[in-house]
**Q** 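Here it is, the structure in full.
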Amino acid sequence: MLDRRTLIATLAAASALGATRSPARAMLADPAQSEGERLNALYERLFDMLVENDPEFATALGLDKGAHAAAKSRLADRSPAGIERSHDLYRFGLAALEKIDAAKLSGMDLVNYETFRGPWDHYVKAYDSFTYGLHSWPEPHPVTQLSGTYRSIPDFLVNQHSIADAADAEAYLARCEDFAVQLDNETNRMKTDHAAGIIPPDFVIDRTLGLYEKIMAPAAESNGLTANLKARTDAKHIPGDWTRRCAAIVAGKIYPAMRRQAAELARVRPRATHDAGVWRLPKGDAYYAYALNFATTTEMSAEAIHQLGLERMAELTARADAIFREQGMTGGTVAERLRALGEDKRFIYPNTDAGKTELIAKLNEQIEEMQRRLPEMFGRLPKAKVEIRRVPAEIEDGAAGGYYQIPALDGSRPGAYYINLRDTAENPSWTLPTLTYHEATPGHHHQIALAQEATGIPRLRRLPVYSVYTEGWGLYAEQLADEMGVYDGDLFGRLGYLQSYMFRAARLVVDTGLHHYRWSREKAISYMNEALGTPEPSNVTEVERYCVWPGQATSYMVGQTRWVATRERARAALGDKFDIRAFHDTALAAGAIPIDVLGSMIDRWVAAQKA
C-alpha cells in the first residue's frame, strides 16, 4: 500500500485557496487557448497552488526549496478552517471543469478531463452531505491507531524532511513547534465529533491509547524526533545545541499536546460502543456507499463487492489446494495448511537485528533479480531507485505489513519500500517475494516513478491519486511476476502469491461485512483466521484497519480485476498484434486515473492499433 501521508497529500490537495482563485479564472477565460490548453493550464495552476499551500506535499516531492523554501518550516493546517479551504479547491476545480467543453477534447486531453471530472463531483457532493470524516479520504475519525498527526508527523519529519545545513535544522525545529499546534487542531476536531456522537469503537480507542503510551514513554532527550535531529546534525557536522532545543519542544509542547489528545479519547471511552462498522454513525450507510465509490471509482454496490470477494476466495483456495496436494500435503483445510506452513521454522528468519538485516538483504536480491526481468514486460523503465527500510519501531505495532513512499521529483530522495518487522514470524520467507513485487517493482515504485517522470501529462496528473488504479496495479504486478516465471520451481513462493491474493479477496468480504452487513469485529477476525491461515495478531490488525478506513481495502482486488479485464479485452481485440509491452507503457504513461477511464483509454488505443 501507499504510505498514508502520500495519500493525504495527493488527495487533500491544497489548504489555502482563497486569494488565488481569480488568476486561475482569468487564465481559463483566455480565448486564444484551445480547450485542451485551457484544461492543462488549469491543472498546472492547481498543482502550483498545491505546492504553495501544502508544505508537507512540497517536502514529499522535494520541492521545499528555492521559491518554496518557506514551506520547509511549516506543516499542513489541520484546523476546520484549513480542511474547509482544501475542500474549496475541489469546489473551484469542479466549477472550472464544468466550463470545459469535453466534446472538443481528444487523446490525452480527454483522459486528463475524465480523470477528475467525475470524482470531483462525488467529492463536492460528499462535502455538502457529511459533517465528519472528509479530511482527505473517507476516514470517519481524525485520530485512531492508524490515523492522526501524532503518528504521521514524526514519520514525516524523520523520513522526508531533509537536513543539509543549519537552516534545515531550524526548519525542523519550527515544524516540531507546529506539530504541537496541529495536534491541538485535531483535538478540537475530535471534541466536535464526539459531541455529535461520532466516537470510535472501544477497541480502536484502546489500541490508540496504547500507542500514545509507547510514543511518550521515552524521555524528551530520547524521543525519536530529538534523536533523529541529533544524529543527522552530527552526521553533517552542523554546530548547534540541537538536542537540548528539540527536547525542550518535545517536553514542553509536543508531549503535553499528545496528552491532551489522549485525554480526550480517554474521556469518551465510556461512551464508546463495540460496534465496528460505520453504519452506527449519522448517515452511516450513505457514508459507506461514498467510501466504496471513492475507493473503487466505480458504482459497484457493497453486495456486488462482497460477492466478488466470495467468488475469488473460492477460486484461489482451490488453486492453493492443488499445489498442496502436489506436495503431498492434504491434511486439514487450506487455511490450516497455510498456517502450518507459516509456522514452519525453515521459513522463519530469527527475530533479532541480525535476522531482520538478513531478511532485508534477501528482499534487495529479489528486487535486483526482478530488475533484470522487467524488459520482458515494459518498454519504459523508471530512472528513480527504490530502497527497502524498516517501519519505525515506535509505530510498527499498528502499521500495515508494508507500504511505499514516493521519491522526490528532483531525485534527491529515492522511493522507499517499508516493511514491518515487529515480528519476523509474521513474514515467513515464502510470503515475501510477492510483497516485494507489490510494493517495489514492478508494483508501486515502478508505476509511480514512471508517472512522476512522465512528460506528456500535467504535473497534477502525475500524482498517485486513485487507490483503485495504484493498488490495483500493485496487485496486478504480483500476477505479472508470476507470469514472468519468478515462481518456476518455487511452489512455496507461488503459495505466498496465492495467499496474498486470497488476503485481498478476503478484504472484499470483510470490509463489506463490517460496514454493510454489520458484522462484529470478532466475526470478521474469525473469517480471516478460517479463510487465510495468517497469524491471528495480523488478522486483528487488518480488521481494525478496515474499521477505521472503510472501503479503502476494497480498491486492491477491484482494481486488479479491472486491470486484467482491460488487458484481456485488448488482447482479444488485437490478437497477434497485441504487444504486452506497449499495453503497459500506454496504461502507465497516463498516470493514475479512475479505473473506468483506464478502460475507455485502452479501448481507444486498441482502435488506433487496428487502424
**Q** Step by step, work out the side chain to side chain contact (heavy atoms under 4.5 Å, CB included) result for Leu598 and Met601.
**A** CA-CA 5 Å; Leu598 172 68; Met601 181 189 73; 4.1 Å; yes
**Q** Checking the side chain of Tyr437 only, and the main-chain atoms of Asp482 only, is there a donor and an acceptor separated by less than 3.5 Å?
**A**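 It does not hold such a pair.
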**Q** What heavy-atom pair brings Met370 and Ala481 nearest, and what distance separates the two atoms?
**A** CE-CB, 3.9 Å
**Q** Go through it in stages, so that I can follow the logic: the residues are Tyr487 and Thr434, the test is side chain to side chain contact (heavy atoms under 4.5 Å, CB included), and I'd like the CA-CA distance, side-chain angles, deciding distance and then a yes or no.
**A** CA-CA 10 Å; Tyr487 300 119; Thr434 200; 3.4 Å; yes
**Q** Side chains of Phe324 and Leu338: does their closest heavy-atom pair fall under 4.5 Å?
**A**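 Answer yes - side chains close enough.
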**Q** Any ion pair linking Arg175 and Glu56 (charged N to carboxylate O, less than 4.0 Å)?
**A**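 The answer is no: the pair does not qualify as a salt bridge.
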**Q** Do Asn539 and Thr534 have side-chain atoms, one donor and one acceptor, less than 3.5 Å apart?
**A** yes
**Q** For Phe347 and Trp430, take the angle between the two ring planes, folded into 0 to 90°, and tell me which bin it lands in: parallel under 30, tilted 30 to 60, perpendicular over 60.
**A**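 Perpendicular.
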**Q** Is the closest side-chain heavy-atom distance between Thr561 and Val558 below 4.5 Å?
**A** no
**Q** About how many Å separate CZ of Arg507 and CD of Glu542, when rounded to the nearest 0.5 Å?
**A** 5.0 Å
**Q** Any salt bridge between Asp168 and Lys236, counting N to O under 4.0 Å?
**A**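 Between Lys236 and Asp168 there is no salt bridge, as every charged N stays at least 4.0 Å from the carboxylate O atoms.
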**Q** Under a 4.5 Å cut-off applied to non-hydrogen side-chain atoms, are Met528 and Glu536 in contact?
**A** no
**Q** Between atom OG1 of Thr512 and atom CD1 of Ile305, what is the distance when rounded to the nearest 0.5 Å?
**A**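 Nearest 0.5 Å value for the OG1-CD1 distance: 7.0 Å.
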**Q** Are the side chain of Gln609 and the backbone N or O of Lys577 linked by a donor-acceptor pair below 3.5 Å?
**A**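 Side chain of Gln609 to backbone of Lys577: no pair is present.
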**Q** Would you please indicate if the ring centroids of Phe47 and Tyr43 are separated by under 6.0 Å?
**A**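 Centroid distance Phe47-Tyr43: not below 6.0 Å, so no.
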**Q** Under a 4.0 Å N-O cut-off, is there an ion pair linking Arg494 with Asp490?
**A**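 Salt bridge absent between Arg494 and Asp490.
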**Q** Which heavy atom in Gly559 sits nearest to a heavy atom in Ile595, and how many Å separate them?
**A** O-CD1, 4.1 Å
**Q** Gln145 side chain to Glu544 main-chain N or O, any donor-acceptor pair under 3.5 Å?
**A** yes
**Q** Run the side-chain hydrogen bond (donor to acceptor under 3.5 Å, both in side chains) check on Gln160 and Thr59 step by step: do they pass?
**A** CA-CA 7 Å; Gln160 298 195 42; Thr59 292; over 6 Å; no
**Q** Taking the side chain as C-beta and beyond, is there a heavy-atom pair between Thr470 and Tyr556 under 4.5 Å?
**A** no
**Q** Keeping Asp321 on the side-chain end and Val334 on the backbone end, is there a donor-acceptor pair under 3.5 Å?
**A** no
**Q** Just checking, any donor-acceptor pair under 3.5 angstrom between side chains of Thr436 and Gln366?
**A** yes
**Q** One thing to verify: whether Glu387 and Lys385 come together as a salt bridge, which I'm taking to mean a side-chain N less than 4.0 angstrom from a carboxylate O.
**A** no
**Q** Can you find a pair of side-chain heavy atoms, one from Leu61 and one from Phe57, that are under 4.5 Å apart?
**A** yes
**Q** Between Tyr417 and Tyr404, does the ring centroid distance fall short of 6.0 Å?
**A** no
**Q** Flag the pair Lys362 and Glu358 as a salt bridge only when some basic side-chain nitrogen lies within less than 4.0 angstrom of an acidic carboxylate oxygen.
**A**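 Judged by the 4.0 Å cut-off on N to carboxylate O distance, Lys362 and Glu358 do not form a salt bridge.
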**Q** For Met313 versus Ala531, what's the shortest heavy-atom pair and its separation?
**A** CE-CB, 3.5 Å
**Q** Looking only at heavy atoms, which two atoms of Ala320 and Met502 are closest? And how far apart?
**A** CB-SD, 4.4 Å
**Q** Quick one: does Arg462's side chain have a donor or acceptor within less than 3.5 Å of a partner on Glu453's backbone?
**A**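 Answer holds: no.
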**Q** May I ask you to say whether Arg422 pairs ionically with Glu426, meaning some side-chain N is under 4.0 Å from a carboxylate O?
**A** yes
**Q** How many angstroms lie between atom CG of Leu229 and atom SG of Cys176, to the nearest 0.5 angstrom?
**A**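 Spacing of CG (Leu229) from SG (Cys176) equals 7.0 Å.
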**Q** Do we see a donor-acceptor contact under 3.5 Å between the side chains of Trp137 and Gln552?
**A** no
**Q** Assess, by modelled atom type and distance only, whether the side chains of Ser147 and Thr144 contain a donor and an acceptor separated by less than 3.5 Å.
**A** yes
**Q** His444 and Tyr403: aromatic ring centres closer than 6.0 Å?
**A**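 His444 vs Tyr403: aromatic centres not under 6.0 Å.
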**Q** Looking at every non-hydrogen atom in both residues, tell me the closest pair between Gly551 and Asp511 and how far apart they are.
**A**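 Distance-wise, the nearest heavy atoms are N-OD1, 3.1 Å.
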**Q** Could you tell me which non-hydrogen atom of Leu475 sits nearest to which non-hydrogen atom of Tyr501, and how far apart they are?
**A** O-OH, 2.6 Å
**Q** Would you call Glu336 and Arg339 a salt bridge, taking side-chain N to carboxylate O under 4.0 Å as the test?
**A** no
**Q** In the structure I gave you, are the side-chain heavy atoms of Arg319 and Tyr497 within less than 4.5 Å of one another anywhere?
**A**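 Answer yes - side chains close enough.
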**Q** Dump the intermediate steps for salt bridge (charged side-chain N to carboxylate O under 4.0 Å, His left out) on Glu368 and Arg372, then the final yes or no.
**A** CA-CA 7 Å; Glu368 291 172 4; Arg372 288 192 285 272; 5.2 Å; no
**Q** Taking Ala340's backbone N and O only, do any of them form a donor-acceptor pair with Asp344's side chain (distance below 3.5 Å, no angle check)?
**A**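 The answer is no, because no donor-acceptor pair under 3.5 Å joins these two groups.
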**Q** Please confirm whether the ring centroid of His584 lies under 6.0 Å from the ring centroid of Tyr476.
**A**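 His584 vs Tyr476: aromatic centres under 6.0 Å.
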**Q** Are Glu478 and Val486 close enough that some pair of their side-chain heavy atoms sits under 4.5 Å apart?
**A** no
**Q** For Thr424, does its backbone N or O pair with a side-chain atom of Asn351 as donor and acceptor, under 3.5 Å?
**A**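 The answer is yes, because a donor-acceptor pair under 3.5 Å joins these two groups.
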**Q** How many angstroms lie between CG in Asn427 and CD1 in Ile348, if you round to the nearest 0.5 Å?
**A** 8.5 Å
**Q** Are side-chain N/O atoms of Tyr418 and Arg389 paired as donor and acceptor at under 3.5 Å?
**A** yes
**Q** Would you please test Arg504 and Ser500 for side-chain hydrogen bond (donor to acceptor under 3.5 Å, both in side chains) and show each step?
**A** CA-CA 7 Å; Arg504 273 40 178 260; Ser500 171; 2.5 Å; yes
**Q** Rounded to the nearest 0.5 Å, how far does CD1 of Ile580 lie from CZ of Arg571?
**A**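 Here the rounded value is 5.5 Å.
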**Q** Is there a side-chain contact between Asn420 and Arg390, using heavy atoms and a 4.5 Å cut-off?
**A**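 Not in contact.
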**Q** Is a salt bridge present between Arg567 and Glu483, judged by a nitrogen-to-oxygen distance below 4.0 Å?
**A**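 Yes, Arg567 and Glu483 are salt-bridged.
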**Q** How long is the span from the CD atom in Gln560 to the CH2 atom in Trp473, to the nearest 0.5 Å?
**A**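 Answer for the CD-CH2 pair, Gln560 versus Trp473, is 11.5 Å.
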**Q** Does any N or O in the side chain of Thr441 come within less than 3.5 Å of the main-chain N or O of Gly443, such that one atom is a donor and the other an acceptor?
**A**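 Here the side-chain-to-backbone pair does not exist.
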**Q** For a quick check under 3.5 Å, do Lys72 and Ser162 share a side-chain donor-acceptor pair by atom type?
**A**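 Indeed, the side chains of Lys72 and Ser162 share at least one donor-acceptor pair under 3.5 Å.
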**Q** For Ser222, is there any backbone N or O sitting under 3.5 Å from a side-chain donor or acceptor partner on Thr226?
**A** no
**Q** List the steps, then state whether side chain to side chain contact (heavy atoms under 4.5 Å, CB included) holds for Arg569 with Val606.
**A** CA-CA 9 Å; Arg569 188 168 68 247; Val606 167; over 6 Å; no
**Q** Exactly one of Ile457, Val468, Thr115, Thr297 should register a side-chain contact (heavy atoms from CB on, under 4.5 Å) with Ile593. Which one does?
**A** Thr115
